[in-house]
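A short write-up of the structure that comes next.
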Number of protein chains: 2
Amino acid sequence: MTQPDLAVSTVIFALRGTSSENMVLSLPLVRRIRSPFEGTWALPGGPLGDEEDLAQAAGRNLRDTTGLEPRYLEQLYAFGQPDRSPDNRVVSIVYWALVGGDEFAATFDDENVQWFDADDLPALAFDHALIVEYALWRLRNKLEYSRLAHGFLEPTFTLAQLRKVYEAVLKRRLDPGNFRRTVEASGQVVPTGERLAGTNHRPPQLYRFNTAQGLIDPDPLTIRTALTHPGVAS
Amino acid sequence: MTQPDLAVSTVIFALRGTSSENMVLSLPLVRRIRSPFEGTWALPGGPLGDEEDLAQAAGRNLRDTTGLEPRYLEQLYAFGQPDRSPDNRVVSIVYWALVGGDEFAATFDDENVQWFDADDLPALAFDHALIVEYALWRLRNKLEYSRLAHGFLEPTFTLAQLRKVYEAVLKRRLDPGNFRRTVEASGQVVPTGERLAGTNHRPPQLYRFNTAQGLIDPDPLTIRTALTHPGVAS
DNA sequence: GGAGTAAAAGTCAGGATGACATGAAGTCCG
DNA sequence: CGGACTTCATGTCATCCTGACTTTTACTCC
């Protein structure tokens, strides 16, 4: 039995758009510069360094290849089908990350790194299409019961902005009143006391995320908080 | 950068006990027969074969070292801290599995394979204590919204037996009436039409799992079904 | 044949959710 | 200056879900 190669890749998500309207979930891809799949778009990734843990390797490879700085990083899955690479055997440990919508400028000015709409991707190398599909599912699924929308937003935001993040990711319209009620009741969010000026209407309250409340369902290496789930009965 | 060793290990769960009362969640461990941690209890595992995918490697290593046959197998997490093994660098891709309560006899008659209560584990090699803790969290969390209790049960069972599985895993008492209501409404389970004889009371209806309904939140390599979650609002 | 046991079904109050309505606080323009 | 317009913010209401509890049914045991 020969040791397979080990790679660490990341599916990076950001919300592209005019920060209030028609936001689109999108992700950066890198063009492969060597065989196999030379010239094809692929997920950013690379090898595992000697002194790094897996999350550090994911973050470093992400930064090195795209110039982006992740606000949220979580392990997705390890892919190891024997035939997923035509040449050597490669096991990929894949992470997924969120970056802010202002990060597009930070992307390398390089024709080999480009952003694509999550719903309109080009042909991808290896099994990366499957990986992206799974990451998308995980993002949407997790957004519903965890507070990770902060990965897309500035430290301070309005509830309408937060709602639009949810709407863009889930591709579904949410009732503003009900959204306000549930989000405020959840304690995920605290009003700063300030209001957003410069609108052509009633100025909305600004909020920030409640740092006292931990992230739900994190990596096993971080501290976990209790999770209240729908439950089975009684 | 040197390639790390790659291992595939599995946390195996079974319910031990008199099949109706005082069931205890327990798991088999193997005693290490080589350095490092020689003589210490550890998770069953081994290398990745050339032609295997990761799940196959987990199942094979599990069978080879314990003799058990998993009824449910799912990837848990990839662990790769640089210092998790004192000697060489090892990245472990860890799965978790469920086996039936009747599988204790199938365990190798070997002092190097033993069952332990999940709440009363010995000192474990490497970071395996952390891994087991995380697997336990995942099992309990997932049992609440997914239909994987079948991994512990015979093909046919009563609702009381199913409820006792939930109670043993979640370590919490469930109301029989409410449990029946939610489980029947969920469509996870279908009555066979037969009843269980030999009790000293009213004979309970036998059920089997609804095969038409897919497993929720499976591996990315299998087909996924829609998931209805608590949701954020509207 | 009555006591005992668990199965199965039913009841009820409280909380969460979705759909919708109303008032509040600004800007814009004639 | 004042009405139209916009979105924020709050409120209402019917419905469904959940947890706690009660009642009836069907069997065995003594």
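A quick note: this is a predicted structure, and the numbers were derived from the prediction, not measured. All values below come from the heavy atoms of this structure, side chains included, with hydrogens, waters and symmetry mates left out. Labels below follow one simple rule: chain letters A, B, ... track the order of the sequence lines, proteins then strands, and each chain is numbered from 1.
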Which of parallel (below 30°), tilted (30 to 60°) and perpendicular (above 60°) describes B:Phe157 and B:Phe209?
tilted
Any donor-acceptor N/O pair under 3.5 Å between C:dG18 base and A:Arg181 side chain:
yes
Side-chain (B:Arg208) to main-chain (B:Thr156) donor-acceptor, under 3.5 angstrom:
no
Taking atom P of C:dA7 as reference, at what distance in whole Å does atom CZ of B:Phe157 sit?
14 Å
Separation of D:dT7 atom P from A:Arg163 atom CZ, nearest Å, is 10 Å
Would you mind reading off the distance between A:Arg173 atom CZ and C:dC20 atom P, rounded to a whole angstrom?
15 Å
Taking protein heavy atoms under 4.0 Å as touching, what does nucleotides 24-30 of chain C look like 5' to 3' if B marks base contact, S marks sugar-phosphate-only contact and - marks none?
BBBS---
Taking the six-membered ring for Trp, are B:Tyr134 and B:Trp137 parallel (under 30°), tilted (30 to 60°) or perpendicular (over 60°)?
parallel
Are A:Phe152 and A:Tyr72 an aromatic pair, judged by ring center distance below 6.0 Å?
no
Atom-pair distance (CG on A:Asp175; P on C:dA16), nearest Å
18 Å
Just how far, in rounded Å, is C1' of C:dA8 from CZ of B:Phe179?
14 Å
For B:Gln205 and D:dT25, give me the distance from atom CD to atom C1', rounded to whole Å.
14 Å
Categorize A:Ala185 for me: base, sugar-phosphate, or nothing, with a 4.0 angstrom heavy-atom threshold over every strand shown.
nothing
Okay, side chain of A:Tyr95, backbone of A:Ser9: is any donor-acceptor separation there less than 3.5 Å?
no
Rounded to the Å, how far apart are A:Leu174 CG and C:dC20 P?
15 Å
A:Arg16/A:Asp117 salt bridge by N-O under 4.0 Å criterion:
yes
Can you measure B:Glu144 atom CD to D:dT18 atom P for me and round it to whole angstrom units?
12 Å
